[in-house]
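Take a look at the structure below.
All values below come from the heavy atoms of this structure, side chains included, with hydrogens, waters and symmetry mates left out. As the structure is a computational prediction, the values presented were derived from the model and not from experiment.
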Amino acid sequence: QVQLVESGGGLAQAGGSVRLSCSASGLAFSNYDMGWFRQAPGKEREFVAAISRFGGNTYYPDSVKGRFTISRDNAKNTVYLQMNSLKAEDTAVYFCAAKSFKRIGAFGSPSSYDYWGQGTQVTVSS
């Protein structure tokens, strides 16, 4: 019954912007930290961003820091990823994921997350 559905992916030019959304249902949304991961062909799944249950803390790897912003609207059960200054290396399938705040685990580790969306493709052309 728990479902995470990403939307907003597509084609973009290098230097452009894309905004991804992830709509959650079937869970108490505010009881979950949320994260975004991406996976490019032939590469391992990579941590992109995470946000704590009430939005008070955010986390980013150096590869996206200053370009990407994660946010959430608990009233809408939705988490967002605003991606600016896109680069060709941002091309990947992007996944959102939910982690129970009661669960011990690193925000950047896929194994810390309980639920995953189906993914949405983002392609950046140079």
Side-chain angles (χ1 to χ4, degrees):
Q1 187 177 343
V2 173
Q3 192 169 10
L4 306 177
V5 180
E6 301 97 333
S7 61
L11 301 174
Q13 292 279 107
S17 297
V18 169
R19 180 178 170 89
L20 304 182
S21 298
C22 174
S23 177
S25 60
L27 77 171
F29 189 65
S30 63
N31 285 344
Y32 288 83
D33 307 313
M34 299 296 296
W36 287 95
F37 293 77
R38 66 188 182 188
Q39 190 162 24
K43 302 191 70 176
E44 294 183 354
R45 189 161 297 189
E46 177 188 17
F47 172 66
V48 175
I51 187 167
S52 58
R53 60 190 297 217
F54 300 127
N57 297 287
T58 57
Y59 308 89
Y60 307 93
D62 288 343
S63 59
V64 309
K65 194 172 299 181
R67 300 189 299 120
F68 292 8
T69 303
I70 188 171
S71 61
R72 66 190 295 162
D73 187 339
N74 285 358
K76 297 181 178 179
N77 285 8
T78 302
V79 63
Y80 306 93
L81 184 68
Q82 179 69 45
M83 303 189 292
N84 298 326
S85 302
L86 285 165
K87 305 174 180 179
E89 52 261 45
D90 296 319
T91 295
V93 176
Y94 284 72
F95 301 88
C96 70
K99 182 186 81 67
S100 172
F101 83 101
K102 297 180 179 181
R103 181 173 177 176
I104 298 174
F107 284 110
S109 299
S111 62
S112 296
Y113 291 79
D114 301 290
Y115 304 105
W116 292 83
Q118 82 289 348
T120 185
Q121 176 71 44
V122 174
T123 301
V124 183
S125 63
S126 59

Is K65 salt-bridged to D62, cutoff N-O under 4.0 Å? yes
Under 3.5 Å, side chain of S126 to main-chain N/O of A14, donor-acceptor pair present? no
Quick one: OG on S25 to CG on L4, what's the gap to the nearest 0.5 Å? 7.5 Å
Applying a strict under-4.5 Å side-chain criterion to I, L, V, M, F, W and Y, I'd like to know whether F68 and F95 cluster together. no
Evaluate the side-chain contact (heavy atoms from CB on, under 4.5 Å) criterion for residues L86 and Q13: first the C-alpha distance (whole Å), next the side-chain angles of each, then the deciding distance (0.1 Å), finally the verdict. CA-CA 7 Å; L86 285 165; Q13 292 279 107; over 6 Å; no
Do R38 and L81 have side chains that get closer than 4.5 Å, going by heavy atoms? no
Hey, is the main chain of S52 close enough, under 3.5 Å, to the side chain of N57 for a donor-acceptor pair? no
Nearest heavy-atom neighbours spanning L20 and G8: CD2-C, 3.6 Å
Spacing of CD belonging to Q82 relative to CD1 belonging to I70, to within rounding of 0.5 Å: 12.0 Å
Given 3.5 Å as the limit, does a donor-acceptor pair link the side chain of R72 with the main chain of F29, or not? yes
Backbone N or O of F107 within a donor-acceptor pair of the Y113 side chain at under 3.5 Å? yes
Is F47 reachable from V79 through a run of I, L, V, M, F, W or Y residues, each pair having side-chain heavy atoms under 4.5 Å apart? no
Rounded distance [0.5 Å steps], OG1 in T69 versus CD1 in I51: 10.0 Å
Can you tell me if E6 uses its side chain to pair, donor with acceptor, with the backbone of C96 under 3.5 Å? yes
In Å, rounded to the nearest 0.5 Å, how long is the span from CE of M34 to CG of N74? 9.5 Å
Is any side-chain heavy atom of T91 closer than 4.5 Å to a side-chain heavy atom of Q121? yes
Does any N or O in the side chain of Q39 come within less than 3.5 Å of the main-chain N or O of A92, such that one atom is a donor and the other an acceptor? no
Measure across V18 and A12 and return the closest heavy-atom pair with its distance rounded to 0.1 Å. CG2-CB, 3.7 Å
Atom pair OG/NZ of S111 and K99 - distance to nearest 0.5 Å: 11.0 Å
Which atom pair, heavy atoms only, marks the closest approach of G119 to V93? CA-CG1, 3.8 Å
Minimum-distance pair of heavy atoms, taken over all atoms of G9 and V122: CA-CG2, 4.1 Å
S63 vs E89 side-chain heavy atoms within contact, under 4.5 Å: no
Would you say the side-chain atoms of Y60 pair up with the backbone N or O of R67, donor to acceptor, closer than 3.5 Å? no
Could you see if W36 belongs to whatever hydrophobic cluster contains M83? Use Ile, Leu, Val, Met, Phe, Trp, Tyr and a side-chain cutoff under 4.5 Å. yes
All heavy atoms of S23 vs all of T78, minimum pair found to be CA-OG1, 4.2 Å
Heavy atoms of R53 and S30 approach each other most closely as NE-O, 2.9 Å
Say you draw a straight line from CZ of F37 to OH of Y94; how long is it, rounded to the nearest 0.5 Å? 13.0 Å
So does D33 pair up with R103, basic N to acidic O under 4.0 Å? no
Could you walk me through whether Y32 and Y115 pass side-chain contact (heavy atoms from CB on, under 4.5 Å), step by step? CA-CA 10 Å; Y32 288 83; Y115 304 105; 3.7 Å; yes
